[in-house]
Amino acid sequence: MISKFVKAASLAAAMVVTASAVQAQELKIGYVNSERVLRESNLAKAAQIKLEAEFGKREKDLAALDEKLRAAAGKLEKDAPTLSEAERNRRQRDVAEQERDLQRKRREWQEDLNQRKNEELSGVVERANRVIKQIFDTEKYDLIVQDAIHVSARVDITKKVIDALNAQK
């Protein structure tokens with residue numbers, strides 16, 4: 001009696017394992033590398049060019065201010081031994097004030113750049129997600145994962161997503 005029960009349980013377990021394996025083979029999984037989409041798609045490249053055009057002049061102005069500050073600090077260092085204490089202190093305050101002003105402008109530029117970058121990239125991400133959803137529906141995927149640690153090239157559909165994104169107007 002016990003051996004019949006053991007045989008029945010073993011058979012049931014084998015059937016469950018076999019059914020699970022068959023079901024797992026039917027599962028269609030895809031992977032999308034989001035970073036690569038944001039780096040290689042034409043939409044992302046256009047956004048990057050737009051940001052460079054928008055913030056390039058301010059970046060050059062900051063570089064010019066930095067160079068001017070370095071020149072003023074160098075001149076102060078060179079002239080310091082011959083200056084009166086009052087003049088040296090005045091020029092040190094001027095250089096320190098220019099330094100604070102430059103740091104404030106850099107920080108504002110960086111914040112503005114980050115905000116605009118997030119705005120531009122959120123549009124790219126939104127469109128990429130629509131493309132991924134479209135691929136998911138048309139090709140009958142069970143699961144599409146973004147950003148995994150280890151992925152087989154067999155399930156990587158990143159190129160397909162980039163191509164579909166680039167084909168859009």
Side-chain angles (χ1 to χ4, degrees), residues 29-139 141-169:
I29 298 174
Y31 162 74
V32 178
N33 182 331
S34 302
E35 181 184 319
R36 193 170 143 212
V37 171
L38 291 176
R39 190 177 60 241
E40 295 178 13
S41 70
N42 291 342
L43 203 56
K45 289 176 183 176
Q48 185 62 35
I49 290 168
K50 185 177 179 181
L51 289 171
E52 288 171 3
E54 189 174 330
F55 288 92
K57 185 186 180 322
R58 278 176 67 186
E59 186 176 19
K60 288 177 185 171
D61 291 347
L62 288 172
L65 280 175
D66 187 45
E67 189 60 38
K68 182 179 172 186
L69 177 63
R70 289 179 195 271
K75 183 166 175 31
L76 173 62
E77 190 176 318
K78 186 181 103 181
D79 295 346
T82 61
L83 295 175
S84 67
E85 186 174 335
E87 179 64 15
R88 186 173 57 248
N89 287 340
R90 185 190 66 76
R91 285 174 59 179
Q92 285 174 338
R93 280 192 307 275
D94 287 347
V95 167
E97 186 178 319
Q98 288 176 17
E99 174 79 31
R100 281 190 303 277
D101 188 46
L102 177 62
Q103 288 176 357
R104 180 184 52 79
K105 287 180 179 182
R106 268 195 190 130
R107 192 172 44 254
E108 288 172 356
W109 173 82
Q110 190 65 52
E111 289 170 359
D112 291 347
L113 176 64
N114 288 340
Q115 180 179 357
R116 284 288 296 125
K117 190 176 196 177
N118 288 339
E119 290 169 3
E120 289 292 326
L121 291 181
S122 71
V124 175
V125 167
E126 185 178 311
R127 287 181 68 179
N129 285 338
R130 282 194 299 244
V131 165
I132 292 167
K133 174 72 169 118
Q134 186 178 24
I135 291 170
F136 177 85
D137 291 337
T138 59
E139 297 187 20
Y141 278 88
D142 295 306
L143 175 69
I144 294 181
V145 179
Q146 291 180 307
D147 304 324
I149 297 172
H150 299 286
V151 178
S152 168
R154 182 173 46 86
V155 297
D156 191 348
I157 62 168
T158 305
K159 177 82 168 109
K160 189 182 296 187
V161 171
I162 292 170
D163 291 343
L165 204 54
N166 290 346
Q168 290 183 343
K169 292 289 175 181

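The structure presented is a predicted model; accordingly, all values stated were derived computationally and were not measured.
- At a threshold of 4.5 Å between non-hydrogen side-chain atoms, the residues Tyr31 and Ile157 do not count as touching.
- At least one side-chain heavy atom of Arg116 sits under 4.5 Å from a side-chain heavy atom of Lys50.
- Closest of all the heavy-atom pairs between Ala80 and Arg88 is O-NH1, 3.5 Å.
- Put simply, OG on Ser41 and CD on Gln168 are 10.0 Å apart, with the number rounded to the nearest 0.5 Å.
- Between Lys160 and Glu139 there is a side-chain heavy-atom pair separated by less than 4.5 Å.
- Taken to the nearest 0.5 Å, the CD atom of Glu97 stands 11.5 Å off from the CG atom of Leu69.
- Shown here for Ile162 and Arg36, the closest heavy-atom pair between the two residues is CD1-O, 4.0 Å.
- In terms of heavy atoms, Val161 sits closest to Ala128 at CG1-O, 4.5 Å.
- Gln103 and Glu99 share a donor-acceptor pair across their side chains, judged by distance under 3.5 Å alone.
- The heavy-atom pair separating Ala44 from Val37 by the smallest distance is CB-O, 4.1 Å.
- Using a 4.5 Å heavy-atom cutoff, the side chains of Arg91 and Asp79 are in contact.
- Residues Asp66 and Arg106 are in side-chain contact: their nearest non-hydrogen atoms beyond the backbone lie under 4.5 Å apart.
- Two residues are said to be in side-chain contact when any heavy atoms from C-beta on lie closer than 4.5 Å; Asp112 and Trp109 fail this criterion.
- Expressed to the nearest 0.5 Å, how far CZ of Arg58 lies from CG of Leu62 amounts to 7.5 Å.
- A salt bridge links Glu87 to Arg90: one of the charged nitrogens lies within less than 4.0 Å of a carboxylate oxygen.
- With values rounded to the nearest 0.5 angstrom, Leu165 atom CG is found 9.5 Å from Arg130 atom CZ.
- A side-chain donor-acceptor contact under 3.5 Å links Asn114 and Gln110.
- Taking both residues in full, the closest heavy atoms of Leu102 and Leu65 are given as CD1-CB, 3.8 Å, listed atom of the first, atom of the second, then distance.
- Atoms OG and CZ, from Ser122 and Arg127 in turn, are 12.0 Å apart once rounded to the nearest 0.5 Å.
- A distance-only check finds no donor-acceptor pair linking the side chain of Asp142 to the backbone of Ile29 [under 3.5 Å].
- The line from CD of Gln146 to CG of Asn129 is 5.5 Å long, rounded to the nearest 0.5 Å.
- Sparse packing is recorded around CZ of Arg70, with 12 or fewer heavy atoms of other residues, nucleotides or ligands lying under 6.0 Å away.
- Side-chain contact between Val145 and Val155 is absent, with no heavy atoms from C-beta onward closer than 4.5 Å.
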